[in-house]
Amino acid sequence: MISLFAFLIAGGIVVDDAIIIGENIYHHRQQGMPPLQAAIQGTREMAVPVSFSILVNMAAFVPIFFIPGQTGKIFYMLPLVIITVFLVSLVESLYILPHHLSRLKEVQRTGLEEWVHVKQQAFSDGFKHWIHAFYEPLIEVLLKHRYLTLVAALALLMTTLSYAISGRMGMSMFPKVDSDFARATLTLPYGTSEEKTKAAADSVIKAAREAAKNIKGGDQLIRGIFTEIGIGGSHKAIVRAYLAPPDIREKIVSTEQFSQRWREATGDIVGVDSLNFESDAGGPGAGSSITIELNHPDSKTLEKAGEQLADALRGFSIVKDVDDGFSPGKQQMDFTVLPEGKSLGLTPQEVGRQVRNAFYGAEVLRQQRGRNEIKIMVRLAEDERLSQSNIEDLLIWTKTGKYVPLKEVVHVERGRAYTEINRHNGRRNIQVKANVIPKSKAGEILNDLEASELKELMTKYPGLQYSFQGQAADMSESMDSLSLSFIIALLAIYILLAIPLQSYSLPLVVVSSIPFGVIGAIFGHFIMGYDLSLISVLGMVSLAGIVANDSLILIDQAVYLKTKAANAGKSAIDIIKIAATQRFRPILLTTFTTFFGLIPMIFETSRQARMLIPMAISIGFGIVFATLISLILIPSLYVIVEDVKHLFRRRHDR
C-alpha cells in the first residue's frame with residue numbers, strides 16, 4: 001500500500017520536469033526554430049534548473065528515512081520508491097524526451113484530429129490572452145505594492161499556523177481507522193473466579209445486542225460476538241463484536257459510533273476494576289489516547305497520586321475508559337511481630353514458617369511407588385483451617401519451649417498483594433490511561449493536565465515524577481527527529497539552489513515559499529474534514545521540494561533574462577514580470593499534474609487508504625496554494641531582494 005501510494009505521488013511530480021522542458025522546446029518552436037534545434041536549445045536552457053529541481057525534491061523526502069519507531073518502519077518505502085523514480089525521470093526528461101520532440105514533423109490533420117487540434121490551439125491562444133490581459137496587470141500592481149503584498153502573505157501565514165497550533169483542528173499520531181470489530185476489555189479484581197468474570201462478560205454481551213437493537217438497521221450490524229476469558233488471568237475477559245462489512249456498515253453506523261453506543265448501554269458494572277472499549281484495535285495508532293506514567297519510591301504514594309489523576313481525567317466530558325493504573329492483587333494477611341514476640345526470640349521468618357506448616361503443611365516423607373513419588377504432608381485438621389480465628393488462635397512454639405497464641409505475639413492486618421511491580425530507573429511506576437473522543441483532542445487534555453493537575457500532584461507528593469508515554473511519547477519522538485532532519489534538508493535545499501542561481505540571496509526567495517505550502521495543507525484538511533496527524537506533517541515535509549520547484553523555475557528564468565543583452569538596462573520589476581509571464585503556463589501545468597495525480601487517493605473511501613489520505617491532502621492542496629504564492633509573492637520577494645541589494649550598493653558607494 002505504501003509503495004503504491006509512493007507511485008501515485010511520484011506520478012504527478014515526475015512529469016513536471018518533462019512539462020518544463022517540453023514547454024520550453026515548444027516555446028522555441030513557436031519562434032520559428034526547426035525541431036532539432038528547438039529541442040537542443042530548449043533542453044540546454046532548462047537542463048540545470050530541472051536537474052537541481054530533482055535534487056531538491058529528493059532532499060525533501062530524505063527526512064522520512066530517519067523517522068524512528070513504528071512510523072519509520074511503515075513509511076520507509078515511501079522515500080525509497082520516490083527517489084528512485086525521480087532519478088529515472090531525470091534521465092528520461094533530459095535525453096529521451098528531447099529526442100522524441102526533435103523528430104516531430106508537421107502533419108496534415110484531417111477529421112477528428114483536425115477538430116481537436118483547432119480546439120487545442122484556440123484554448124492555447126485564449127490562455128495566452130488571459131495571461132497578458134489579467135495576470136500581467138495583476139503582477140504589475142502587486143510589484144508596485146510589494147511590501148504590502150509581503151505583509152499580507154505573512155499575516156495569512158501566521159493566522160493559519162496559529163489556528164492549527166491552538167489545537168482547534170486536533171492532532172493525533174495516526175488517523176483513526178475503524179476495525180471490523182469493536183472490542184471491550186474487562187478487568188475484575190485479581191483472583192476473581194471464571195464464573196464471576198463470565199457473568200460480567202455476559203452483561204457486556206447483552207449490552208452490545210441492546211445497542212445494536214436501538215440502531216436503525218442494527219439487525220444487520222452484528223455478525224457475531226466472541227468472548228475470551230482467562231487470557232492473563234481468570235479475572236480478565238475480552239469481548240469482540242464482529243460487525244458487518246464496511247459497505248454495509250457505512251450505511252448503518254461506524255465502528256466508533258457503535259462502540260460509543262455500546263459503552264452507554266453497558267454503563268457501570270459492579271465489581272469491575274476497568275472496562276475499556278476500542279474501535280480501532282490492531283491497527284497503527286491503536287491503544288489508549290492518553291498514557292501518563294507516574295513514578296515514586298513509595299507505592300502508597302503512587303496509588304494515591306494515580307487515583308487523584310484518574311479522578312481529574314474523569315472530569316473531562318470527552319475522556320472515557322479511565323484506568324488509574326493500580327491493580328490490587330489477592331487478599332492477604334500481613335503479620336508484624338510485636339515486641340512481646342521479639343522478647344520471646346521470635347523472628348518473622350520463624351513465625352511465617354510455623355503458620356505455613358500449620359495451614360499448608362510440612363513435608364515429612366517422600367515415598368516411591370512405582371514410577372511416581374508421593375509427598376507426605378503434615379498440617380492441621382481441616383476443621384481447624386476454616387476461618388481467620390483459627391489463624392489468630394494458632395499456638396506458636398517459642399525457643400523457651402512454650403506455646404503462645406499467635407495474636408499475642410503478632411499483629412495481623414488484612415491487605416492485598418501486588419499483581420505486578422513496574423520500575424523505571426529503579427523507581428516504582430504506574431501508568432494512568434484513558435481514551436479521548438475524538439482522539440485528536442488528546443493533546444488539549446494533556447496540556448490542561450500539565451498546567452493544573454500534574455503541577456498540583458508534584459507539590460502535594462514530593463519526589464513524584466511524571467512523563468507522557470504511549471502515543472504522546474511516540475509522536476514527540478517522531479516530531480523531534482523529523483524537525484531536526486527537516487532543518488538539515490532545508491539547509492541542503494538552500495545549498496543546492498545556490499549553485500544554479502549563483503547567489504546567496506536568491507535561494508532565500510525560493511526557500512521562503514516553502515512555509516506557505518503549509519497554508520494550503522491546513523486548509524485542505526479543513527475542507528476535507530480531516531484532523532491533523534503525524535501523517536499530515538510528513539506530507540508537509542515532502543511538500544517542501546515540490547513547492548521550491550515552481551519558485552526555482554521562476555527565479556531561474558529571471559536570472560537568465562537578466563544576463564541577456566537584450567534586457568540590459570531593464571529594471572528588476574520588468575525582468576521578473578517577463579519571467580513570471582513566460583513561466584506561468586509551465587508552473588500551472590506542473591501544479592495540475594501533481595494535484596490531479598493525487599486526486600484518486602484524496603477521494604479514496606477504503607479503510608486501507610484512510611491512513612495515507614492526510615499525506616495526499618497535504619501535498620495536493622499544499623502545492624495548489626504554494627503555486628499561487630509562487631506566481632504572486634515570489635515576484636515581489638525578488639524585487640524586494642533587489643531593493644536591498646541596491647540599498648547596500650548605494651551605502652557602499654558613499
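These figures come from a predicted structure and were not determined experimentally.
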Side-chain contact, heavy-atom cut-off 4.5 Å: I445 with I318?
yes

Verify the ring-centre separation between F584 and Y135: is it less than 6.0 angstrom?
yes

Work out which heavy atom in V547 is nearest to a heavy atom in A626; give both atom names and the distance.
CG2-CB, 3.4 Å

Euclidean distance, T160 OG1 relative to F516 CZ, rounded to 0.5 Å
10.0 Å

If you look at every heavy atom in S618 and L543, which pair is closest and at what distance?
O-CD2, 3.7 Å

By side chain to side chain contact (heavy atoms under 4.5 Å, CB included) - contacts of H132 (at least two apart):
E136, T581

Check whether S93 reaches the backbone of A18 with its side chain - one donor and one acceptor, N or O, closer than 3.5 Å.
no

With side chain to side chain contact (heavy atoms under 4.5 Å, CB included) as the criterion, how do F52 and L497 come out once you've worked through the C-alpha distance, each side chain's angles and the decisive distance to 0.1 Å?
CA-CA 7 Å; F52 278 91; L497 292 173; 5.9 Å; no

Would a 4.5 Å heavy-atom cut-off, applied to side chains only, mark I617 and S536 as touching?
no

With sequence neighbours excluded, tell me which residues meet ring-ring contact (aromatic ring centres under 6.0 Å, His included) with F621.
F595

Are I553 and M46 packed together at the side-chain level, in the sense that at least one heavy-atom pair is separated by less than 4.5 angstrom?
yes

Where the side chain of S481 meets the backbone of S478, is there a donor-acceptor pair that is under 3.5 Å apart?
no

Look at atom CD of Q31 and say whether more than 12 heavy atoms of other residues, nucleotides or ligands are closer to it than 6.0 Å.
yes

Side chain proximity check, V509 to S551, heavy atoms < 4.5 angstrom
no

Measuring only between side-chain heavy atoms, which start at C-beta, is F75 closer than 4.5 Å to I535?
yes

Using the side chain to side chain contact (heavy atoms under 4.5 Å, CB included) rule, take N24 and R583 through it: C-alpha gap first, then chi angles, then the decisive distance, then the call.
CA-CA 9 Å; N24 201 43; R583 289 291 168 239; 3.4 Å; yes

If we only count heavy atoms from C-beta on, is the I67 to I64 side-chain gap below 4.5 Å?
yes

Donor-acceptor side-chain pairing of S279 and T255 below 3.5 angstrom
no

Quick check: closest heavy atoms across G545 and N57, and the distance to 0.1 Å?
C-OD1, 3.0 Å

Please state whether the rings of F523 and F625 are parallel, tilted or perpendicular, taking 30° and 60° as the class boundaries.
tilted

ring-ring contact (aromatic ring centres under 6.0 Å, His included) against Y76, all qualifying residues, sequence neighbours excluded
F65

Any ion pair linking R146 and D643 (charged N to carboxylate O, less than 4.0 Å)?
yes

Report yes if some heavy atom in the side chain of P635 is under 4.5 Å from a heavy atom in the side chain of L554; otherwise report no.
yes

Any donor and acceptor pair, going by atom type alone, linking the side chain of S485 with main-chain N or O of F66 inside 3.5 Å?
no

Please name the pair of heavy atoms, one in A153 and one in L633, separated by the smallest distance, quoted to 0.1 Å.
CB-CD2, 3.9 Å

For Y494, the ring-ring contact (aromatic ring centres under 6.0 Å, His included) test, sequence neighbours excluded, returns none

Residue pair L87, V91: steps toward the side chain to side chain contact (heavy atoms under 4.5 Å, CB included) verdict:
CA-CA 7 Å; L87 291 174; V91 176; over 6 Å; no

With side chain to side chain contact (heavy atoms under 4.5 Å, CB included) as the test, pick out the partner of L142 among T149, L148, L631, L150.
T149

For S512 and L637, which heavy atoms make the closest approach, and how far apart are they?
OG-CD1, 3.1 Å

Given D531 and H525, is the side chain to side chain contact (heavy atoms under 4.5 Å, CB included) satisfied, shown in steps?
CA-CA 6 Å; D531 296 323; H525 281 76; over 6 Å; no

What are the two closest heavy atoms between I25 and L101, and how far apart are they?
CD1-CD1, 3.6 Å

Counting only heavy atoms from other residues, nucleotides and ligands, does the tally under 6.0 Å from NZ of K645 exceed 12?
yes

V510 backbone acceptor or donor facing S513 side chain under 3.5 Å:
yes

More than 12 heavy atoms from other groups under 6.0 Å of NZ on K128
yes

S254: which residues meet the side chain to side chain contact (heavy atoms under 4.5 Å, CB included) condition with it, sequence neighbours left out?
D178, E256, Q257

So, S571 and D574: side-chain donor and acceptor under 3.5 Å apart, yes or no?
yes

ring-ring contact (aromatic ring centres under 6.0 Å, His included) against F486, all qualifying residues, sequence neighbours excluded
none

Go through the side-chain N and O atoms of H28 and E45 and say whether any donor and acceptor fall under 3.5 Å apart.
yes

Compare all side-chain heavy atoms of P98 with those of I40 and state whether any distance is below 4.5 angstrom.
no

Quick check: does any side chain N or O of N447 sit under 3.5 Å from a backbone N or O of G443, one acting as donor and the other as acceptor?
yes

